[in-house]
Amino acid sequence: MASNVTAGSSIRCKAAVCRGAGEALVIEEVEVAPPKAWEVRIKIVCTSLCHSDVTFWRMKDFPGVYPRIFGHEAFGVVESVGEQVEEFKAGDTVVPVFLSNCYGCEDCSSPRSNMCSSFPFRVAPGMLRDPTASRFSDAMGRPIHHFLNVSSFAEYTVIDVAHLVKVDPVVPPEKACLLSCGISTGVGATWKIAGVEQGSTIAVFGLGAVGLAVVEGARLRGAGKIIGVDVNPDKFELGKKFGLTDFVNPKDIGERSISEVIIEMTGGGADYCFECIGLASLMQSAFESSRKGWGKTIILGVEMHGQPLCINSLSILHGKCIMGSLFGGIKPKTDIPILAKKYLDKELHLDSFITHEVVLQDINKAFELMNQGSGLRCIIWMDK
């Protein structure tokens with residue numbers, strides 16, 4: 001247990017609270033209860049806005065519940081810990097993650113999966129071990145819902161130990177924050193899911209933050225040709241910073257299909273294709289763009305309209321495969337520290353992902369930028 005003056009007591013702090021689907025966030029004073037068993041209370045230093053936050057922010061029906069504190073990409077410092085917590089202590093620098101990592105279950109113990117079977121992924125409004133409970137309450141004492149077991153749009157939050165990763169304090173807060181979700185997802189997909197080899201040909205469909213993280217990961221793995229597919233022509237120059245070598249704009253290829261163009265560019269199809277948008281039609285195009293015999297297509301985007309993915313069964317017989325990925329196959333507690341070290345060793349480039357910075361009071365500006373498609377990641381500082 002921590003020995004600081006706030007340990008064991010509730011903390012009043014500022015938080016950006018959403019009280020209705022699609023409504024502007026309101027800065028309110030909230031009360032954050034002390035952590036219970038297996039929980040840790042974190043002082044958030046900075047957080048960032050991920051597209052998943054915006055997706056759930058728009059939801060009117062379950063799992064869209066309100067009032068709620070969004071946010072799941074962040075960096076913070078442990079303020080206090082609850083009973084049974086041995087892995088963390090007050091003062092530790094940490095990043096929260098949306099995916100559980102318990103160490104003990106069959107999946108967490110296996111190199112073949114990052115899907116914890118003790119605490120399966122779900123979008124519950126409460127705590128990990130008590131989905132109906134909340135550690136947040138508003139000025140009237142009414143509970144405020146959590147988000148993805150993190151809720152980082154607050155100066156303090158309470159997180160289960162299975163959703164927390166210790167990071168080297170030498171890593172700057174805003175760079176460590178990026179490893180909390182999106183960038184790790186993209187880089188991890190090339191490493192943990194695809195296993196991209198030296199000289200491979202890669203096609204990345206969608207060059208947002210996750211797509212460009214795939215590009216960065218492919219560069220790290222030594223890919224030869226890295227093709228980006230996006231309707232925004234400005235993404236080519238931006239992508240070059242991360243290792244993009246070629247670019248296809250679907251608006252500029254006339255009557256030809258994307259797959260026809262990529263098959264021609266690669267001499268038979270890309271070794272690895274990554275879909276990073278969340279459109280079934282684009283997933284199909286990615287699959288069709290992969291090489292017969294060994295082409296692998298990795299799906300990172302969540303289909304935004306709930307449409308099924310339809311694949312010609314003959315294409316599967318040609319030796320191609322398609323697979324999904326949650327968090328890019330990253331095992332948070334072991335793999336995020338590896339990525340942090342790669343940043344410190346100047347192998348992993350993170351700086352260019354940060355395009356905007358605001359303070360908590362201006363958090364709605366981050367939502368505006370995301371909705372406009374402006375920039376990649378906006379860092380939201382609690383106090384700067």
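Every value quoted in this text rests on a predicted model; they were computed, and no experiment measured them.
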Asp230 side chain to Gly206 backbone, donor-acceptor under 3.5 Å: no
Chi angles and distances behind the side chain to side chain contact (heavy atoms under 4.5 Å, CB included) call for Leu148, Phe121: CA-CA 9 Å; Leu148 292 181; Phe121 174 72; 4.0 Å; yes
From Asp271 atom CG to Lys296 atom NZ, the distance as rounded to the nearest 0.5 Å: 11.0 Å
What pairs of donor and acceptor atoms, side-chain ones from residues 211-223 against any protein atom, are under 3.5 angstrom apart with sequence neighbours left out?
residue, atom, partner, partner atom, Å
Glu216, OE1, Arg219, NE, 3.2
Glu216, OE2, Arg219, NH2, 2.6
Glu216, OE2, His349, N, 2.8
Arg219, NH2, Glu347, O, 2.8
Arg221, NE, Val196, O, 3.0
Arg221, NH2, Val196, O, 3.2

Heavy-atom donor-acceptor pair, Asp53 side chain to Cys50 backbone, under 3.5 Å: yes
Atom of Val204, atom of Cys276 and distance for their closest heavy-atom approach: CG1-SG, 4.0 Å
Extract all donor-acceptor atom pairs below 3.5 Å that involve side chains of residues 84-91 and protein atoms in other chains or at least two apart in sequence.
residue, atom, partner, partner atom, Å
Glu87, OE1, Lys333, NZ, 3.3
Glu87, OE2, Lys333, NZ, 3.2
Lys89, NZ, Asp92, OD1, 3.0

Polar contact flag, side-chain donor to acceptor under 3.5 angstrom, Asp130-Thr132: yes
Residue pairs involving residues 156-202 (criterion ring pair (Phe, Tyr, Trp, His ring centres under 6.0 Å); sequence neighbours excluded): none
CA sep, side-chain torsions, deciding dist, call: Ile330, Lys192, side chain to side chain contact (heavy atoms under 4.5 Å, CB included): CA-CA 7 Å; Ile330 289 288; Lys192 306 287 288 190; 4.3 Å; yes
Heavy-atom closest pair, residues Cys177 and Val95: N-CG1, 4.5 Å
Close side-chain approach of Val158 and Val32, heavy atoms under 4.5 Å: yes
Pairs touching residues 300-346 that satisfy ring pair (Phe, Tyr, Trp, His ring centres under 6.0 Å), sequence neighbours left out: Phe98-Phe327
Mutual orientation of the aromatic rings belonging to Phe70 and Phe147 [parallel < 30°, tilted 30-60°, perpendicular > 60°]: perpendicular
Chi angles and distances behind the side chain to side chain donor-acceptor pair (under 3.5 Å) call for Glu275, Thr297: CA-CA 8 Å; Glu275 200 279 345; Thr297 300; over 6 Å; no
Results of salt bridge (charged side-chain N to carboxylate O under 4.0 Å, His left out) for Lys36 - residues two or more places apart only: none
Ser48 versus Glu73, side-chain donor and acceptor atoms under 3.5 Å: yes
Pro35 vs Val81 side-chain heavy atoms within contact, under 4.5 Å: no
Minimum heavy-atom distance Leu376-Ser352, with the two atoms named: CD1-O, 3.8 Å
Lys/Arg cation over aromatic Phe247: Lys235, 6.0 Å, 45° cone: no
Pairs flagged by ring pair (Phe, Tyr, Trp, His ring centres under 6.0 Å) wherever residues 365-384 is involved - sequence neighbours left out: Trp57-Phe367
With sequence neighbours excluded, residues passing salt bridge (charged side-chain N to carboxylate O under 4.0 Å, His left out) with Glu155: none
Cationic N near anionic O, under 4.0 Å, Asp168 to Lys341: no
Test side-chain hydrogen bond (donor to acceptor under 3.5 Å, both in side chains) applied to His145 - qualifying residues, sequence neighbours left out: none
Leu350 side, atom CG; Lys346 side, atom NZ - distance, nearest 0.5 Å: 11.5 Å
Electrostatic pair Glu79-Lys43, nearest N-O below 4.0 angstrom: no
Main-chain N/O of Leu128 paired with Asp160 side-chain donor or acceptor, under 3.5 Å: no
Flag for Asn149-Arg122: side-chain donor and acceptor within less than 3.5 Å: no
Gly195 versus Tyr272, closest heavy-atom pair with distance: O-OH, 3.7 Å
Student check: side-chain heavy atoms of His356 and Ile379 closer than 4.5 Å: no
Neighbour count above 12 (heavy atom, 6.0 Å) for Asp345 CG: yes
Check: His146 and Ile69 side chains under 4.5 Å, non-hydrogen atoms: no
Lys331/Asp335 ion pair, N-O < 4.0 Å: no
Ser151 OG to His72 NE2 distance, which is reported to the nearest 0.5 Å: 11.0 Å
Verdict with reasoning, Ile11 to Glu31, per side chain to side chain contact (heavy atoms under 4.5 Å, CB included): CA-CA 6 Å; Ile11 291 178; Glu31 187 170 289; over 6 Å; no
Ser109-Glu106 side chain donor-acceptor pair, cut-off 3.5 Å: no
Heavy-atom side-chain proximity of Arg19 to Glu28 below 4.5 angstrom: yes
Minimum side-chain heavy-atom gap Val161-Val40 below 4.5 Å: yes
Evaluation steps, salt bridge (Lys or Arg N to Asp or Glu O under 4.0 Å), between Glu39 and Arg135: CA-CA 10 Å; Glu39 295 175 357; Arg135 302 291 176 261; 2.8 Å; yes
Non-neighbouring partners of Glu288 that pass salt bridge (charged side-chain N to carboxylate O under 4.0 Å, His left out), sequence neighbours left out: none
Validation row: Asp246, Ile226 side chains within 4.5 angstrom (heavy atoms): no
Value rounded to 0.5 Å, distance of CD1 in Ile183 from CZ in Phe242: 7.5 Å
Path from Val165 to Ile338 over hydrophobic side-chain contacts below 4.5 Å: yes
Counterpart residues, salt bridge (charged side-chain N to carboxylate O under 4.0 Å, His left out), relative to Arg256 (two or more places apart): Glu264
Side chains of Ser137 and Pro143 in contact at under 4.5 Å (non-hydrogen atoms): no
Pair Met323-Ile193, side chain to side chain contact (heavy atoms under 4.5 Å, CB included): steps then yes or no: CA-CA 9 Å; Met323 58 194 309; Ile193 301 297; 3.8 Å; yes
Other ILVMFWY residues reachable from Phe62 by side-chain steps of under 4.5 Å: Val65
Ser152 side chain to Thr47 side chain, donor-acceptor N/O pair below 3.5 angstrom: yes
Pairs where residues 203-213 contributes a residue and the test side chain to side chain donor-acceptor pair (under 3.5 Å) is met, not counting sequence neighbours: none
